[in-house]
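Working notes, beginning with the structure itself.
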2 protein chains.
Amino acid sequence: MIENINEILKKNQLSVTDSRRKILEMFQHTSGALAHADIEKQSGTLFDRVTIYRTLQTFVEKGIIHTIPTIDNSVKYALCKDACQAGHHHDNHVHFMCDECGTTYCLNNISIPQVQLPEGFRSTQTDVVVSGICKNCND
Amino acid sequence: MIENINEILKKNQLSVTDSRRKILEMFQHTSGALAHADIEKQSGTLFDRVTIYRTLQTFVEKGIIHTIPTIDNSVKYALCKDACQAGHHHDNHVHFMCDECGTTYCLNNISIPQVQLPEGFRSTQTDVVVSGICKNCND
DNA sequence: ATGAGTTTGCAACTTTGTTGCAAAATAAAA
DNA sequence: TTTTATTTTGCAACAAAGTTGCAAACTCAT
Ligand SMILES: [Mn+2]
Ligand SMILES: [Mn+2]
Ligand SMILES: [Zn+2]
Ligand SMILES: [Zn+2]
């Protein structure tokens with residue numbers, strides 16, 4: 001797994017540093033999405049707030065993670081599963097936010113439905129965010 | 001139109017004040033959505049930043065306006081067209097954000113498509129945000 | 001017109017995010 | 001392995017966004 005992380009960083013022409021390894025590891029070890037605050041909490045005093053901001057930004061630019069729009073307008077991030085490239089993301093899946101536990105899921109197998117737009121509107125991207133009760137909280 | 005505004009406020013058991021009238025008027029006079037910053041700019045020194053926050057919050061609670069999730073995670077608001085009630089919104093329409101002019105539209109006639117969820121997930125709300133080029137910018 | 005109740009503006013504060021720069025760490029070259 | 005060039009980090013200072021308490025101003029019912 002650690003090997004894997006180094007490979008991912010190198011493959012994206014990023015020098016391998018402590019903070020990048022740790023943060024990437026956090027994403028691999030969680031099923032849902034992470035907010036900046038989550039990472040800050042989990043890492044304690046390990047690295048600076050600013051470093052987290054910059055690392056997340058770098059990962060998004062490289063296509064390693066993607067941002068997720070949320071109803072409460074907080075910023076969440078999750079690993080890209082698809083073959084996302086630097087500058088071009090292809091995360092065309094539905095996201096789910098649980099009202100009870102707060103977890104945000106990437107539903108990688110549920111693809112975005114086609115939306116019929118009015119005359120004159122051209123779409124380049126469609127985001128779908130479903131909220132409700134997740135599998136865990138339903139049992 | 002002014003009459004209308006007073007009626008809306010009274011119908012929602014809100015006392016009629018300058019700031020509430022002006023802010024509601026702004027929403028009626030715009031085709032798209034408004035952010036807190038837009039209102040602050042348009043109103044200049046007319047009323048305090050804090051008043052705008054509180055007014056927007058009140059309007060959302062009363063079902064007069066609704067929030068819109070955005071890709072850049074900024075908070076936008078627009079008038080409720082449907083019969084939204086205090087505590088329960090029914091704005092089941094698609095939202096469109098123009099990459100060029102930045103306008104956010106409520107596509108009130110385009111209804112939210114049904115999304116097939118995995119076993120165990122129960123949905124209570126679905127938000128769809130389409131981005132691209134709007135009618136105005138396409139011509 | 002009066003008074004109870006609501007709303008507003010101000011000030012002070014917290015939280016979130018950004019920027020410049022020197023020190024430290026990494027990767028490449030010798 | 002040692003040296004050097006490049007990148008990344010932490011710190012400090014700052015800017016933007018949002019919250020809270022409270023006294024003064026306003027609204028509305030009597
Ligand atoms: Mn995702
Ligand atoms: Mn809308
Ligand atoms: Zn849950
Ligand atoms: Zn446009």
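Heavy atoms only: backbone and side chains are in, while hydrogens, waters and symmetry mates are out. Naming convention: chains lettered A, B, ... in sequence-line order (proteins, then strands); numbering from 1 in each chain. Just so it is clear, the model here is predicted, and its values are computed rather than measured.
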Just one of Ile68(B), Ile23(B), Ile39(B) clears the side chain to side chain contact (heavy atoms under 4.5 Å, CB included) bar with Leu34(B), so which one?
Ile39(B)

Whether Lys41(B) and Asp38(B) form a salt bridge (side-chain N of Lys/Arg under 4.0 Å from carboxylate O of Asp/Glu) is what I want to check.
no

Would you compute the distance between atom [atom1] of [X] and atom [atom2] of [Y] and round it to the nearest 0.5 angstrom?
| X | Y | atom1 | atom2 | value |
| --- | --- | --- | --- | --- |
| Leu56(A) | Phe27(A) | CG | CZ | 5.5 Å |
| Gln13(A) | Lys62(A) | CD | NZ | 5.0 Å |
| Phe96(B) | Thr104(B) | CZ | OG1 | 10.0 Å |

Of the nucleotides dT8(C), dT18(C), dT6(C), which has the atom closest to the Ser15(B) side chain?
dT6(C)

Rounded to the Å, how far apart are [X] [atom1] and [N] [atom2]?
| X | N | atom1 | atom2 | answer |
| --- | --- | --- | --- | --- |
| Glu61(B) | dT7(C) | CD | P | 11 Å |
| Leu24(B) | dT7(C) | CG | P | 15 Å |
| Gln57(A) | dT16(C) | CD | P | 18 Å |
| Ile52(B) | dT7(C) | CD1 | C1' | 15 Å |
| Phe59(B) | dT7(C) | CZ | C1' | 12 Å |
| Tyr77(A) | dT16(C) | OH | P | 13 Å |
| Leu9(A) | dA27(C) | CG | P | 9 Å |
| Lys41(A) | dT15(C) | NZ | P | 11 Å |

On DNA chain D, check which nucleotide each of Asp18(A) and Arg49(B) is closest to and give me the residue with the more 5' one.
Asp18(A)

Both Leu14(B) and Gln13(A) contact DNA chain D. Taking the nearest nucleotide for each, which residue is further toward the 5' end?
Gln13(A)

Result for 5'-nearest mapping on DNA chain C, choosing between Phe47(B) and Tyr53(A), is Phe47(B)

Could you check whether the rings of His66(B) and His95(B) sit parallel, tilted or perpendicular, using 30° and 60° as the cut-offs?
tilted

Heavy atoms under 4.0 Å, any strand shown: does Arg20(B) hit a base, just sugar-phosphate, or nothing?
sugar-phosphate

At a heavy-atom distance below 4.0 Å, which nucleotide of DNA chain D is the first touched by chain A, and which is the last?
dT7(D) to dA12(D)

Are Ile112(B) and Leu117(B) connected in the hydrophobic side-chain network, where two residues link if heavy atoms are under 4.5 Å apart?
yes

